Amino acid sequence: MTTLPSVPTLRVGLVGYGLAGSVFHAPLISTTPGLLLAAVVTTDPQRRAQAQAEHPGVRVVDSIEGLWELNLDLVVIASPNRLHVAQAGAALQAGVAVVVDKPLAASAEEALGLARLAERLGLLLSVFQNRRWDGDFRTVSELVSSGRLGTVHRFESRFERWRPQLKGGWRELGDPAEAGGLLYDLGSHLVDQALTLFGPVAEVYAELDCRRPGAQADDDAFVALRHRNGTRSHLWMSAVTGSLGPRFRVLGSSSAYVCYGLDNQEAALRSGRTPAEPGWGETPPAGYGLLGAGEEATAYPTLPGAYQDYYAGIAEALQGRAPVPVEALDAVTTLTVLAAARLSAAEQRVVPLPASAPGSEEAGSEEAGPEEARSEKAEPEAGPAPSGKV
């Protein structure tokens with residue numbers, strides 16, 4: 001009888017057990033073959049108890065420094081955005097591979113500094129862009145790459161909600177260091193998806209507004225991108241949309257695709273389900289989008305959502321068997337676009353972006369666009385990571 005080789009267990013430490021840590025990262029890590037959720041960092045008593053109840057045997061520590069003695073293979077940063085750079089830098093300096101929840105940093109220059117540090121140390125650094133594995137986005141990607149739509153000339157993408165009252169929390173704070181607001185929260189996903197589909201951007205235009213009473217950070221945003229291949233992406237993110245538009249509308253020279261509603265994986269995770277269960281990520285026929293042109297559009301099956309593939313890819317990358325599923329430099333590019341969007345909204349003009357990749361000599365020249373994308377930040381310095389409620 002042939003004995004199958006055992007899958008090595010890679011030990012993972014999770015920093016933060018709020019929404020991102022408890023709902024997204026912990027369930028996905030704990031159900032990925034080859035990964036073990038070994039430790040959680042949180043100082044909140046309720047979250048400590050929650051982590052231990054949901055993941056028996058997990059060790060809970062008060063600070064990121066408490067992870068260094070646990071012989072970990074990977075540290076996942078799911079803390080508030082303002083802590084990402086310092087905590088990721090501390091983990092890299094400790095010699096551990098790192099996954100950071102989006103956005104990687106508050107600016108492209110900080111993200112580039114982390115990417116360079118990871119490269120110098122020979123360590124994995126990736127960004128958790130789970131929305132690349134949404135079922136509807138996987139379907140759009142398949143339709144675009146297969147040529148079923150012809151040449152795509154317009155791509156529309158929306159994350160719209162009806163939340164007319166502020167909820168409170170750091171995501172609604174106006175300090176740029178918090179990287180709050182919908183542009184950096186939902187826009188990090190929408191811009192990443194557009195770049196994944198259609199590549200580099202030549203021009204950015206944006207409108208950012210604070211609509212709700214007392215709002216400090218943008219809660220209603222529109223971003224228009226002109227890609228270098230000629231495609232135009234129109235992206236909406238809003239908390240004050242009383243009538244929701246389509247999630248995707250993709251217009252091509254041969255056909256079009258439109259679908260409504262959000263991918264169901266987030267709702268499933270919030271309800272306590274995991275990808276280990278049958279039927280994970282599947283969309284019922286009533287939720288299929290329409291493919292076609294004019295009166296000939298017909299229902300087109302949605303590919304299953306597959307958030308589990310991200311951490312499966314991380315496990316493979318850590319063992320040297322596959323590339324990183326999301327490169328850190330992808331986040332640098334996304335943050336460059338987001339910085340241009342902020343500049344566009346502030347100055348009410350179209351902002352051009354350089355043809356070269358962020359971090360190159362041309363991108364660092366005076367022609368590079370927003371100041372955030374031009375300056376070259378040094379790598380994060382070693383030292384204690386800042387504390388904060390996680």
Side-chain angles (χ1 to χ4, degrees), residues 6-18 20-42 51 54-55 57-79 81 83-105 111 114-130 132-133 269 274-276 306-331 380 382 385 390:
S6 61
V7 178
T9 299
L10 302 169
R11 293 168 55 81
V12 183
L14 174 60
V15 182
Y17 209 72
S22 66
V23 171
F24 289 95
H25 293 279
L28 296 178
I29 293 166
S30 63
T31 55
T32 298
L35 296 184
L36 171 67
L37 183 60
V40 169
V41 178
T42 181
E54 293 174 343
H55 304 279
V58 72
R59 182 166 176 178
V60 181
V61 298
D62 291 331
S63 69
I64 191 172
E65 289 80 14
L67 297 178
W68 308 153
E69 62 185 34
L70 301 182
N71 193 30
L72 299 175
D73 300 285
L74 176 69
V75 168
V76 176
I77 308 297
S79 53
N81 294 347
L83 303 176
H84 285 184
V85 172
Q87 291 181 337
L92 291 169
Q93 295 282 8
V96 187
V98 177
V99 164
V100 184
D101 200 86
K102 61 79 195 167
L104 175 58
L114 282 175
R116 286 174 171 165
L117 176 62
E119 182 179 21
R120 179 171 65 81
L121 297 175
L123 292 169
L124 178 150
L125 174 64
S126 182
V127 184
F128 184 66
Q129 283 287 2
N130 58 303
R132 291 191 189 185
W133 287 269
L269 287 168
T274 75
Y307 287 175
Q308 67 274 16
D309 285 1
Y310 175 80
Y311 273 111
I314 289 292
E316 290 291 293
L318 284 171
Q319 297 170 78
R321 298 201 295 250
V324 178
V326 180
E327 296 281 353
L329 287 178
D330 291 353
V390 292

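Bear in mind that the values here come from a model prediction, so they are computed numbers and not experimental data. The basis for the numbers below is simple: all heavy atoms, side chains too, and nothing from hydrogens, waters or symmetry mates.
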- Message: Please evaluate residues Val99 and Val12 with respect to the criterion side-chain contact (heavy atoms from CB on, under 4.5 Å), reporting the C-alpha separation (whole Å), side-chain torsions for both, the decisive distance (0.1 Å), and the verdict.
- Response: CA-CA 10 Å; Val99 164; Val12 183; over 6 Å; no

- Task: Take Phe128 and Leu28 through the test side-chain contact (heavy atoms from CB on, under 4.5 Å) and record every step on the way to the result.
- Result: CA-CA 11 Å; Phe128 184 66; Leu28 296 178; 3.8 Å; yes

- Stepwise, does the side-chain contact (heavy atoms from CB on, under 4.5 Å) test hold for Leu74 with Leu10? CA-CA 7 Å; Leu74 176 69; Leu10 302 169; over 6 Å; no

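Rounding to the nearest 0.5 angstrom, the gap separating the CG atom in Leu37 from the CZ atom in Arg11 is 10.0 Å. To the nearest 0.5 Å, atom CG of residue Leu104 and atom CD of residue Gln129 are 10.0 Å apart. In this structure, the separation between CD on Gln93 and CG on Leu121 is 6.0 Å, given to the nearest 0.5 Å.
Put simply, the side chain of His84 never gets that close to the backbone of Val100: no donor and acceptor are under 3.5 Å apart. The backbone N or O of Val326 sits less than 3.5 Å from a side-chain atom of Ser126, completing a donor-acceptor pair.
Among residues two or more places apart in sequence or in another chain, the side-chain contact (heavy atoms from CB on, under 4.5 Å) test is passed with Ala91 by Trp68, Val75, Val98. Contacts of Thr274 classified as side chain to side chain donor-acceptor pair (under 3.5 Å), with partners at least two apart in sequence or in another chain: none. Residues meeting the side-chain contact (heavy atoms from CB on, under 4.5 Å) test with Glu119, sequence neighbours left out: none. Residues satisfying the ring-ring contact (aromatic ring centres under 6.0 Å, His included) test with Trp133, not counting sequence neighbours, are Tyr310. By the side-chain contact (heavy atoms from CB on, under 4.5 Å) test, Ala115 pairs with Ala328, Leu329, sequence neighbours left out. For Arg132, the salt bridge (charged side-chain N to carboxylate O under 4.0 Å, His left out) criterion is met by Asp192, Asp330, not counting sequence neighbours.
Applying the side-chain hydrogen bond (donor to acceptor under 3.5 Å, both in side chains) definition to pairs two or more places apart or across chains, those involving residues 24-37 are His25-Asp101, His25-Tyr311. Pairs passing the salt bridge (Lys or Arg N to Asp or Glu O under 4.0 Å) check and including a residue from residues 66-78, sequence neighbours excluded, read Arg59-Glu69. Sequence neighbours left out, the pairs with a member in residues 306-317 that pass salt bridge (Lys or Arg N to Asp or Glu O under 4.0 Å) are Glu316-Arg321.
Minimum interatomic distance between Val41 and Ser63 (heavy atoms only, all atoms of both residues): CG1-C, 3.6 Å. Minimum heavy-atom separation, Gly21 to Pro27: O-CD, 4.3 Å. Across all non-hydrogen atoms, the minimal contact from Ala315 to Pro33 is CB-O, 4.4 Å. Shown here for Leu123 and Ala97, the closest heavy-atom pair between the two residues is CD2-N, 4.3 Å. Closest of all the heavy-atom pairs between Val61 and Leu67 is CG2-CD2, 3.9 Å.
Ile77 has its side chain within reach of Ile64: a pair of non-hydrogen atoms, C-beta onward, lies under 4.5 Å apart.
Donor-acceptor pairing under 3.5 Å is lacking for the side chains of Glu54 and Ser22.
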